[in-house]
Structure formats: C-alpha cells, structure tokens
Amino acid sequence: MKKILFVMCIAAAMIVGCCKKDSQNPFFQTWTTPYGIPPFDEIKYEHYLPAFEKGIAQQKAEIEAICNNPEEPTFANTCEALEYSGELLYKVTMVFFPLKYACNSPEMEEIAEKVAPMLSAHSDDISLNAALFERIKIVYEKRNELNLEPVERRLLEEQYKGFVRGGANISEEKQPRFREINEKLSLLSLKFASNVLKASNDYKLVVEDETRLEGMPANALAAALDLGNRDEATKGKHVFTIQLPSYEPLLQFCKDRELRREMWTAYATRCLTGEFSNVEIIDEMVNLRLERAHMFDCNTHAAFVLENTMAKTPEAVENLLTQMWTPSLRKAKEEAAEYQKMIDAEGGDFKLQPYDWRFYTEKLRKEKYDIDEQELGAYLSLESVKNGAFEVSERLFGITFHLNPNLPKYYKDDNEVFEVKRNGEVIAILYMDYFPRESKGSGAWMTSFREQWYTQEGKNVIPIVKLVMNNAKPTAELPALLSFDQVETFFHEFGHGLHGMLANVKYRSLSGTNVSRDFVELPSQIMEHWASDPQVLKMYAKHWQTGEVIPDELIAKLEATATYGQGFINTELLASSFLDMIYHTITKPTKIALPEFEVNAMKQIGLISEIIPRHRSTYFTHIFTNSYDAGYYSYTWAAVLDSDAFEAFKEKGDVFDKETADLFRTFILEKGNTQDPMELYIQFRGKKPVIEPLLRNRGLL
C-alpha cells in the first residue's frame, strides 16, 4: 500500500514537473518569431526528447480518433485527417534532423539513438494499423465515385500505396520481425553516418615542410595554414583534411606524389577498419533490406524500391546505366592512356594510379587548353556565384533574395538568412550554410525546416529551406574562391532549393521535393546548365579584386574543356550506381565481406584500376544513410531529363525564355508529387525525354 502511494506521489510530481517543463519547452509553444522560424537560440538539447514523446503521443491520439470515428470513412474524415495529424511531431522532427547533420554533437547523437527506434516503431504503428488501413482502403476503392479534385485523388492514391509499402498487407505473424528490421535499419543508418563523420574528422595530414607543397594554389595553401594555426600543436604548419575543399586541391596540384598517395589513401579507406569501421553495418543492412523485400514478395530490395520510381524496374536501371557505361568507359581508357603517355614522357617510372588521376588531368588540361584553375577561380568568389544564382532565379522565375540579419540563426557563423520574394510578397525563407566544420557532414545538400502547404483554413504556409555546403573558407588574404566544380555544386543545390521554395501544393506530403528519387534531381541538375552558360558567366563571374567581368578568352577556354575529363567523371559516377545496384539486387542472404565484395563488383563491370567509384562502400552515405538505396542511378536518370529540358530553352534561342521558364516553374517546380512525374515532364516539354542531348553534352556520342 505504501509502495502504491509512493508511486502515485511520484506520478503527481512528474505531472507538475511536466507542466512546468511544457511551459519552458519551445516546441510546445506557438512560435512568435518572424515567419514562424524555429527559435533556435531557445531550443536546448533537453527539449527534443520530450517533444518527440509528446508529438508521438498526440499523433497516436489523433489516429485513434480517426479509427474510432463512427461515421462512414470519407476522404475528409480519414485521408485529410491523417494528412493533417502529427503537427507537433513534424515540428520537432524538421528541426532536429536538419540540425543533427549540420551541427552534430555527442548530445545530438545520444538523442538520435533514442529517437530513431521510437520513430521507427511509431511509423510501423501507423502503417500496420489494420483499422486505419481499412478506412483508407474503403475510400480508395470508391475513389472513382467521389468526384475528388486531382490533388485529392493523388493524396488518396499515395496514402494507399504508402500503407501497402509500409507493410499493411504483411501477415500478422511476420509483423513483429518486420518491425524489428525497420528499427534495426534506422539505428544502423545513424551509426553509419556517425562513423563517416568521426572518421573524416579524425584524419589530418600535417605537412611541416612547405617545399613539399610545390604546385599548390595560394588560396589552398592559405586555407591549410589557417587550419594549422588553429591548434597549438600544428601552429605554423599546413594541415589538410578529408573535406573536399581541402583534399581536392592537394590531389589536383601537389607535385609530391607521396603526399597525394597519403591523402588519397586516407580518403579512400575511411571506415574500412578500426573503431569507425562500417563493414559489419553494411553486411547487416544489405541483408536486412533483402529480408524485408522478400516479405513483399519482391526477389530483391531494388525491385521493391523501384516500384515507386520513374524507372519502375531494376532492368530499366540496368539498361540506362549500360547505355552510358560503354562510351564512358571507352573515353576513360583513352584518358588513362593519355596520362600514362605524359608520365612516360617525363621519365616517370610508374603506372598511373587513382591518386595520380586528378593531378595529370589538371596538368594535361593546362597543356591542351591553357586554362589555369587558379586564374579561373579568381572570378568565382562565393559572393559572385551566390549573386549569379540569385540573378538567374530572378530572370527565370521572378523571385528576389533579401538578406535579413535579424532573422534567427541556427549557427552563429557561416550561415546567412534570406527572405525570398515574388511581386513584393515573401514566399519562402532561405538559409545558406557555406563552410566546413567538424560538426557538419561532408558534401552538399538541401533540406527544410518547414515545407510548403495550405492549412485546412486555406492559409499558405511558406517553406523554410536550408542549403548546406562545404566550400573553402576565406582567409585573411583571400575571399572564399570556388573551383568550377564547386560552382556547379552550388547551382545544383540551389536548384533543389528552388524546388522547395517555389512549391505551391495543397498537401504537405506532396509538396516540393517529396517526389521520386529519379525525379528529384531534375530541378537541381538543370541549374548546372546555367552555371556554365557563357551569357550567365558574364553575369556573375567577376574578379574578386578588380570587379572585371570574366574575359571572353577565358570563357572560350572553359567551353573548350566542357567535355574534357568526362570519361573519368561519368565512369566514377556510374561505378557507384552499379555498386549500389549490385548490393541491392542480391536475391539470397550473402556475406558482404569488404573490400572483396566491392573489388569483385567492379571487376564485374570492367572498371579500370586507375579509377575507383565516386563513393566507396564504407562511406557511401547516399545508400546507407540518405535513402538513395537502389537509387543512386537517379543522378544519371535525371541527367537525361535535365539535358532534354535545357534543350527546350536552347530551341527557343534564349536560356531565359519566359514561356519555357513559366512552363518549368508551373509543371516541375510548383507541382511536387501531385501527378505522375512523367506526366508532369510531358506537360512541360510536350514530349518524352530522349538520351541524345545528354550524350552530346558529355561528349559521349
């Protein structure tokens, strides 16, 4: 009796305590910040877990109310009710995960490890809720009689498909294992990403003798020295990391072959051995995915994933990759022969290796085309490139960008916040996060703190979009100067941003970038075409010191090199795409032993030894963390679309043709997932895409 009373007292204390905490937890408040931006400075680590727990509980209650509704299931009381449920959970999720990958910490990792199984279980609780699925199914089976608007019908169809793909038809006796697999995969994915980040941060190449850095650009040397000076142990020394702005210039320009080998080896063998090894994680993830696919009567994980894409089948993916592989590999072999010839002519007594490739690519480029990356980079300051992306967006889509330093920031340095306006009205908020830091993942990506949709009262909720990059930081002597590859990456991510910022969809789950993987890269990759267009270059490429516009001679050299090195570029990309598909087209449980599995996979496709996949298995975060499993081919699939789409502008003789831009905005950027993606593309283009523009653009015809 005393024990029961004691427990009751504790419970009462907890309730009082929770009420007090609720009043202090920003997630439980209505945000009064401008545009409802998350109040980042008020959010503490201790606020996340209670918000996740309460958000899950609230959505469970909302779903229970839907299931217990005595009225006959309708689109409004079932489908729309489900769509608008889980507001608090959405709110905390859309803050926590974007911040975790941009501002990670041991505290964030600990929270993620607790939250991942909770979210997995909650997702399964919804997908496997028989009563809820029955109501959805009743509405779905009557869809032709309901006189639904097209967007309503699309939501219903996507919800029904989501339940089926979420396991609603899996037999009851298999559901516990299904749940277990999903939970394990969510935790393994987190661990994989954490290992990559830690391994990347763990390695530093310290160069004490500056003479070993002969050939390196001044800005790369300054950045390496600046990094060295941040630590007393390396003060006055040059330090390089496995971040693209740091390692790539060393591999491109450094004449010291041993330094290149050392850097490349560290880069290419991350997470293969040691405390951050991802080998066992990959083995478990691949086999768990296969086991789950078998529950859906799919013989491979790829077959299950691709049902919900434009490609539809592994055979269609294989066909596309093979069409690109044959000419790409042929060109790569020609490039390798050229570089070997140069090595031999210099008296080099060695065979071309992967850590030599970028160096001799750059050397031959300069010899053939007299183009100097350092000379070009002087016209490609981060500020100029950013302004170029802004101006292109304004001329195409009529939007403008206005820096507002008074808006809340999630990180005190390295990010800016813009109001995005059309016709004087704010339609989106844009965060730009430019530079590497140890708490940030490598690469570049777009995400959102909030997506666009309309409330049930018809109010447009504007999106809050975030672009994350890892460009070289400015130094005391030089601004942040970009390579042309980094310029294309900037425009690429900006294209994703436009997809989110220009969304105009009734339902959040169909809005913006919530489209199939092989369609989502179209808006991003088409923007790369404007980055290299001569007319556009003259708009933004201006010398950081003099303001001089990039000269015609330099543009001509850049154009002349447009297809230079495409053998390597396409081959390493396609090799990763094949590697992804080989992992996910196994049909029976397989022991994934690395590096042997990857070596055999590359032999299978005939990859030459001088090139490795763009992403080796142990740091292939796209497919083991970022939901591109059986989907990395999407970059090539979308390249067919973007090359064909840009052709529409060229056919009009104006890369800023207003009619074509309006069609692209209306049917691609605004529509999200409200229609089948191929239908949307045809409405924009007037026909299906063809592969020839892509092959021509890459010099592979």
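These values consider heavy atoms only, across backbone and side chains, with no hydrogens, waters or symmetry-generated copies.
A donor-acceptor pair shorter than 3.5 Å cannot be found between the side chains of E183 and S186. No side-chain donor from either of N129 and D125 sits under 3.5 Å from a side-chain acceptor of the other. In summary, the side chains of H492 and Y635 do not present any donor paired with an acceptor at a separation below 3.5 Å, with no hydrogens or angles considered. Side-chain contact of E318 with Y633: a donor-acceptor pair under 3.5 Å is absent, judged by distance alone. Defined by atom type and a distance below 3.5 Å, a donor-acceptor pair is missing between the side-chain atoms of Y619 and N278. A donor-acceptor pair shorter than 3.5 Å can be found between the side chains of S511 and Q452. No side-chain N or O of D629 forms a donor-acceptor pair with one of H584 less than 3.5 Å apart.
In this structure, L700 CG and L694 CG are separated by 7.5 Å, a value rounded to the nearest 0.5 Å. A distance of 9.0 Å separates CG of L321 from CD1 of I605, quoted to the nearest 0.5 Å. The distance from the NZ atom of K54 to the CG atom of L88 is 7.0 Å, given to the nearest 0.5 Å. How far CG of D518 is from OG1 of T309: 4.5 Å, rounded to the nearest 0.5 Å.
The two atoms that bring S120 and N182 nearest to each other are OG-C, 3.2 Å, heavy atoms only. The minimum heavy-atom distance between L119 and I56, with the atom names listed, is CD2-CD1, 4.3 Å.
Considering only residues two or more places apart in sequence or on other chains, E291 meets the side chain to side chain donor-acceptor pair (under 3.5 Å) condition with R177.
The cationic atom of R270 (NZ for Lys, CZ for Arg) does not lie both less than 6.0 Å from the six-membered ring centre of F276 and within 45° of the ring axis.
Salt-bridge formation is not detected for the pair E284/K191: no Lys NZ or Arg NE/NH1/NH2 atom is positioned less than 4.0 Å from an Asp or Glu carboxylate oxygen. Using a cutoff of 4.0 Å between basic side-chain nitrogens and carboxylate oxygens, E110 and K114 are scored as salt-bridged. Look at E152 and K506 and you find a salt bridge, because one of the NZ, NE, NH1 or NH2 atoms lies within 4.0 Å of a carboxylate O, short of that distance. With respect to the salt-bridge test (charged N to carboxylate O, under 4.0 angstrom), the residues K184 and E180 qualify.
Distance alone, capped at 3.5 Å, is enough to place a donor-acceptor pair between the N287 side chain and the D283 backbone. N104 places no side-chain N or O within donor-acceptor distance of the main-chain N or O of K440, the cut-off being under 3.5 Å. Without hydrogens or angle criteria, R143 side chain to L156 main chain gives no donor-acceptor distance under 3.5 Å. In this structure, the side chain of R292 does not engage the main chain of I181 through any donor-acceptor pair within 3.5 Å. For the pair Y681 (side chain) and A645 (backbone), a donor-acceptor distance under 3.5 Å is present.
Contact check for T78 versus I138: no side-chain heavy atoms found under the 4.5 Å cut-off. Proximity of L573 to Y632: side-chain heavy atoms (C-beta onward) are separated by under 4.5 Å at one or more points. In this structure, F96 and M108 have side chains that are in contact, with non-hydrogen atoms separated by less than 4.5 Å. Residues V505 and K671 have side chains not in contact (no heavy-atom distance under 4.5 Å, counting atoms from C-beta outward). Residues F519 and W637 have side chains not in contact (no heavy-atom distance under 4.5 Å, counting atoms from C-beta outward). Taking 4.5 Å as the limit, every side-chain heavy atom of T674 sits out of range of all side-chain heavy atoms of P150. Annotation: side chain of D644 is in contact with side chain of K687 (closest heavy-atom distance under 4.5 Å). In this structure the side chain of S442 never reaches within 4.5 angstrom of the side chain of I242, judged on heavy atoms.
Between F624 and F620, the ring planes are perpendicular. Angles over 60° get that label, and only those under 30° would be called parallel. In this structure, F578 and W325 have perpendicular ring planes: the angle between them is above 60°, well past the 30° mark.
For W445 and Y101, the distance between ring centers is not under 6.0 angstrom. Between Y160 and F133, a ring centre-to-centre spacing shorter than 6.0 Å is recorded.
Among the candidates T300, T313, V317, the single residue satisfying the side-chain contact (heavy atoms from CB on, under 4.5 Å) test with L306 is V317. A salt bridge (Lys or Arg N to Asp or Glu O under 4.0 Å) with R508 is found for exactly one of E87, E80, E83, namely E87. None of F664, F646, F667 except one satisfies the ring-ring contact (aromatic ring centres under 6.0 Å, His included) rule with F684; the exception is F664.
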Next item on the list: Check step by step if side chain to side chain contact (heavy atoms under 4.5 Å, CB included) holds for T666 and Q683.
Entry: CA-CA 9 Å; T666 301; Q683 286 176 286; over 6 Å; no
Next item on the list: Tell me, with the steps shown, if K331 and S328 meet side chain to side chain contact (heavy atoms under 4.5 Å, CB included).
Entry: CA-CA 5 Å; K331 195 173 181 69; S328 298; 5.9 Å; no
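The salt bridge (Lys or Arg N to Asp or Glu O under 4.0 Å) pairs that include a residue from residues 304-317 are R165-E307, where partners are two or more places apart or lie in different chains. Residue pairs satisfying the side-chain hydrogen bond (donor to acceptor under 3.5 Å, both in side chains) criterion with at least one member in residues 88-99, sequence neighbours excluded, are listed as follows: Y90-E451.
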